[in-house]
Every structure is written in C-alpha cells, then in structure tokens.
2 protein chains.
Amino acid sequence: MSAPPRISDAEWLVMEAIWGQAPRSAGQIAEEVGPANEWSEATVKTMLARLVKKGALDFERDGKRYLYRAAVPREACVRSEAREFQERMFGGRTSPLLAWFVKESPLSDTEIEELRALLDEKAGQDEGGQA
Amino acid sequence: MSAPPRISDAEWLVMEAIWGQAPRSAGQIAEEVGPANEWSEATVKTMLARLVKKGALDFERDGKRYLYRAAVPREACVRSEAREFQERMFGGRTSPLLAWFVKESPLSDTEIEELRALLDEKAGQDEGGQA
DNA sequence: TCGTTACGACTACATATGTAGCCAGTACCG
DNA sequence: CGGTACTGGCTACATATGTAGTCGTAACGA
C-alpha cells in the first residue's frame with residue numbers, strides 16, 4: 001500500500017502505453033508514444049529509466065533488450081493523483097468536487113441518468129462501504 | 001482567457017492564503033503559511049517573487065513594502081487544474097470522472113441528496129449551458 | 001541626523017522534469 | 001569469426017521547484 005511514486009506529466013504518457021499493453025520493449029513503447037508527442041527515442045528511453053528508478057516500472061531481460069511492465073497498477077496511481085487533486089482544489093472533500101464538475105461540465109441527459117443510477121446504488125448501501 | 005500560469009504545490013498554498021484575503025504583505029502571508037508548513041520567511045518570499053514573475057500575483061507598493069494580491073482568480077486556476085487532471089486521468093471525459101469519485105468516495109445520504117438535486121437542475125437546462 | 005530594522009532583490013543549491021546525444025556491449029547475420 | 005546494428009547506460013543541459021541565506025536600502029524612530 002505504499003504510495004505509488006510521483007509520476008510526471010510526460011512520464012504518465014509512457015505509463016499509459018505500458019498499462020495499455022505489457023510487457024513491451026523500449027522500442028515498441030517509443031514507437032507508440034514517440035511520434036504523437038514528438039519525442040525522440042532517447043527521450044522515451046530516459047523516461048523508462050527514470051520510471052524504473054522510481055519503482056513505477058519493472059523489467060525482465062529478453063536477450064539484449066528489456067521488456068518493461070508496470071510495477072504499480074494504474075488504479076493506484078489514479079487514486080493517488082485524485083487524492084492530491086481533491087485535496088488541493090477542494091480541501092479533500094468529495095461532494096464539493098462532484099458539485100463543481102457537475103456544474104462546470106456539459107453532461108448529456110444519458111450521462112445524467114447514469115450518474116443518477118450510480119447515486120441510487122450508493123444510497124442503497126449503508127455508510128462506510130469503503131474497506 | 002490566456003491559461004493561468006502553472007502553479008506548483010507549494011506555491012498553491014501561498015496562493016490560497018492570498019485568495020483568502022488580499023492585499024497582504026509578505027510578512028503577513030508568511031505568518032499565515034509559514035509555520036503550518038515549516039517554511040522560513042525567506043521561502044515564502046521566494047515563492048511570492050516567483051508567483052509575481054509567473055503573473056499569478058500582482059503587488060502595489062505600500063511604503064517600503066509590497067502588498068500582494070492575486071492576478072488570477074482562484075476560479076480560473078481551479079478550472080485549469082481540473083481540466084488537466086480530467087485529461088490525464090479520464091481522457092478528458094467528465095462522466096467517467098464523476099462515476100469514479102462517486103464509487104470511490106464515501107458520501108453521506110445528505111450529500112447524495114444534494115448531488116441528485118444538482119443533477120435535476122442540470123437535466124432541466126438544455127444542452128450547452130456552458131457560457 | 002544617524003542608527004536600526006524590516007523589506008525586497010539577488011544568490012544558492014539540491015532535486016525533478018523535459019529533452020536528447022553518445023558510447024559500449026551484445027546478439028545476430030553473413 | 002568479424003562486422004553491424006540495436007539496446008541499455010551514462011552524460012548533458014535548461015528550466016522548474018523546494019528551501020533558504022545574504023545584502024543593500026529605504027523608512028522610521030530616537
């Protein structure tokens with residue numbers, strides 16, 4: 001449960017590629033994220049190395065190259081980032097956050113319906129479902 | 001409408017103090033945020049200078065000292081941070097974000113009620129309320 | 001008027017981040 | 001067995017960030 005490492009903006013894009021499909025070699029990853037972000041292959045390799053060092057990635061040898069895989073689930077990283085965001089912007093409280101997004105964002109009727117359904121579910125459960 | 005400047009973690013705390021009450025002198029601000037974060041006064045002053053340079057703060061002379069005030073509304077910064085967060089975590093989509101927070105967070109019945117009310121309002125309006 | 005002091009300005013320095021180049025070794029082809 | 005190309009490792013460098021010290025000077029009190 002140790003907090004996942006802090007993952008920077010650029011690093012996050014690399015992580016996404018790996019969360020999307022793993023294990024993969026640096027070359028494969030670079031092919032996926034490089035062009036879209038106008039990164040040289042070297043840049044991607046640097047980020048891979050840093051992510052390994054941070055403990056966000058793991059790798060196994062495959063002949064002369066490495067195959068990288070995520071060492072932390074995306075889930076955990078999202079949770080951690082979300083917590084920080086929530087903390088900074090809304091003093092850690094959830095309902096103001098939700099209210100803010102509901103007010104600020106365009107939502108289709110369908111989406112509103114879905115959210116209502118989720119709230120219903122939520123209301124059904126007793127407090128403290130959070131294990 | 002130019003995007004508000006990127007405000008770092010530590011800087012954000014200083015901004016909060018100023019959004020809370022302005023204009024204020026460096027000393028006053030340091031008094032408020034320094035102890036809580038174990039920052040020396042020098043640290044606070046550095047952040048003030050950086051924030052001014054970034055265009056996040058403005059100041060007016062008051063004798064020998066400066067009185068700082070926010071140059072960008074908190075609103076705008078929150079919006080900008082929220083957009084980035086949403087982009088990174090949920091591909092920019094709002095409803096998955098809302099769904100995620102609803103599922104992940106404990107919400108009291110009252111809060112759920114309030115959100116329902118908000119959704120009702122939202123559903124009432126036609127699409128594209130975004131002014 | 002002169003000293004004191006409270007401010008802002010400038011400097012410092014380690015780590016993080018964005019971006020990328022170069023080198024050495026190794027696996028594989030010929 | 002030697003050459004070649006690909007791969008990771010190390011180096012580089014500018015900017016951002018966290019954290020803080022020092023200095024010159026203006027304002028104010030004595």
Side-chain angles (χ1 to χ4, degrees), chain A residues 3-18 22-69 71 77 80-81 84 87-88, chain B residues 3-18 23-69 77 80-81 84 87-88:
Chain A
R6 183 63 89 95
I7 292 171
S8 80
D9 280 17
E11 287 164 359
W12 189 270
L13 296 172
V14 173
M15 290 302 292
E16 288 286 15
I18 294 171
R24 283 201 280 176
S25 73
Q28 295 172 314
I29 295 163
E31 253 176 60
E32 183 182 325
V33 302
N37 300 286
E38 297 184 76
W39 288 336
S40 79
E41 194 161 339
T43 298
V44 177
K45 285 203 273 179
T46 297
M47 286 192 281
L48 286 171
R50 286 184 185 164
L51 285 165
V52 167
K53 188 161 161 198
K54 286 186 182 187
L57 290 182
D58 245 337
F59 61 88
E60 90 202 48
R61 273 223 156 64
D62 170 46
K64 71 173 157 183
R65 60 194 192 155
Y66 289 174
L67 293 184
Y68 296 89
R69 69 177 67 260
C77 291
S80 154
E81 292 280 331
E84 267 179 62
E87 193 59 44
R88 267 174 59 140
Chain B
R6 186 62 93 94
I7 292 170
S8 80
D9 280 16
E11 287 164 357
W12 189 270
L13 297 172
V14 172
M15 289 303 291
E16 288 285 15
I18 294 171
R24 283 202 279 175
S25 72
Q28 294 172 316
I29 296 163
E31 254 175 59
E32 183 182 325
V33 302
N37 299 287
E38 294 184 78
W39 289 335
S40 79
E41 194 163 338
T43 298
V44 177
K45 287 205 269 178
T46 296
M47 286 192 280
L48 286 171
R50 286 182 186 166
L51 285 166
V52 167
K53 188 162 161 197
K54 286 186 182 188
L57 290 182
D58 245 336
F59 62 87
E60 90 201 48
R61 273 222 155 67
D62 170 46
K64 71 174 158 183
R65 58 192 195 159
Y66 290 174
L67 293 184
Y68 296 88
R69 68 177 67 260
C77 292
S80 154
E81 292 281 333
E84 267 177 62
E87 193 61 43
R88 266 173 61 139

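Chain identifiers are assigned alphabetically (A, B, ...) following the order of the sequence lines, protein sequences preceding nucleic acid strands; residue numbering begins at 1 within each chain.
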Spatial distance of atom CG (B:L57) from atom CD1 (B:I29) [nearest 0.5 Å]: 7.0 Å
Considering only C:dA20, D:dG18, C:dT19, which nucleotide approaches the side chain of B:S8 most closely? D:dG18
Just to confirm, is there a sub-4.0 Å distance from OP1 or OP2 of C:dT17 to any side-chain nitrogen or oxygen of A:K54? yes
Selection from C:dT17, C:dA12, C:dC7 that lies nearest to any side-chain heavy atom of A:R6: C:dT17
Among C:dA9, D:dA20, C:dG18, which nucleotide sits nearest the side chain of B:K45? C:dA9
Without decimals, in angstroms, what is the distance between A:R65 CZ and D:dA5 C1'? 14 Å
A:S25 side chain near D:dT7 phosphate (N/O to OP1/OP2, under 4.0 Å): no
Measure from OH on B:Y66 to C1' on C:dA9 and round the result to the nearest Å. 8 Å
Roughly, in whole Å, what's the span from CG in B:D62 to C1' in D:dC28? 14 Å
So, are A:E11 and A:R50 salt-bridged, with charged N and O less than 4.0 Å apart? no
With a 4.0 Å cut-off on heavy atoms, is A:A26 in touch with a base, just the backbone sugar-phosphate, or nothing at all? sugar-phosphate
Expressed as a whole number of angstroms, how long is the span from A:K53:NZ to D:dC10:C1'? 11 Å
Reported CG-to-CG distance for the pair A:L13 and A:N37, which is rounded to 0.5 angstrom: 5.0 Å
Checking contacts here: which listed nucleotide (D:dA27, D:dG21, C:dT19) is nearest the side-chain heavy atoms of B:S40? D:dG21
Above 12 or not: heavy atoms from other molecules or residues under 6.0 Å from CD of B:E38? no
Could you tell me how far apart B:I29 (CD1) and C:dG8 (C1') are, to the nearest whole angstrom? 13 Å
Counting the atoms with a prime plus P, OP1 and OP2 as sugar-phosphate, which does B:T43 contact under 4.0 Å by heavy atoms, base, sugar-phosphate, or nothing? base
Quick one: is D:dG18 close enough that its OP1 or OP2 comes under 4.0 Å of any side-chain N or O from B:T46? no
Base of C:dG18, side chain of A:R50 - is there a donor-acceptor contact under 3.5 Å? yes
Quick one: A:L51 CG to D:dG8 P, roughly how many Å, whole number? 14 Å
Expressed in angstrom and rounded to an integer, what is the separation of B:E41 atom CD from D:dT22 atom C1'? 14 Å
What's the CH2-P distance between B:W39 and D:dG18, to the nearest Å? 8 Å
More 5' along DNA chain C: A:I7 or A:K64, using each one's nearest nucleotide? A:I7
Got a second to check how far B:Q28's CD is from B:R65's CZ, nearest 0.5 Å? 5.5 Å
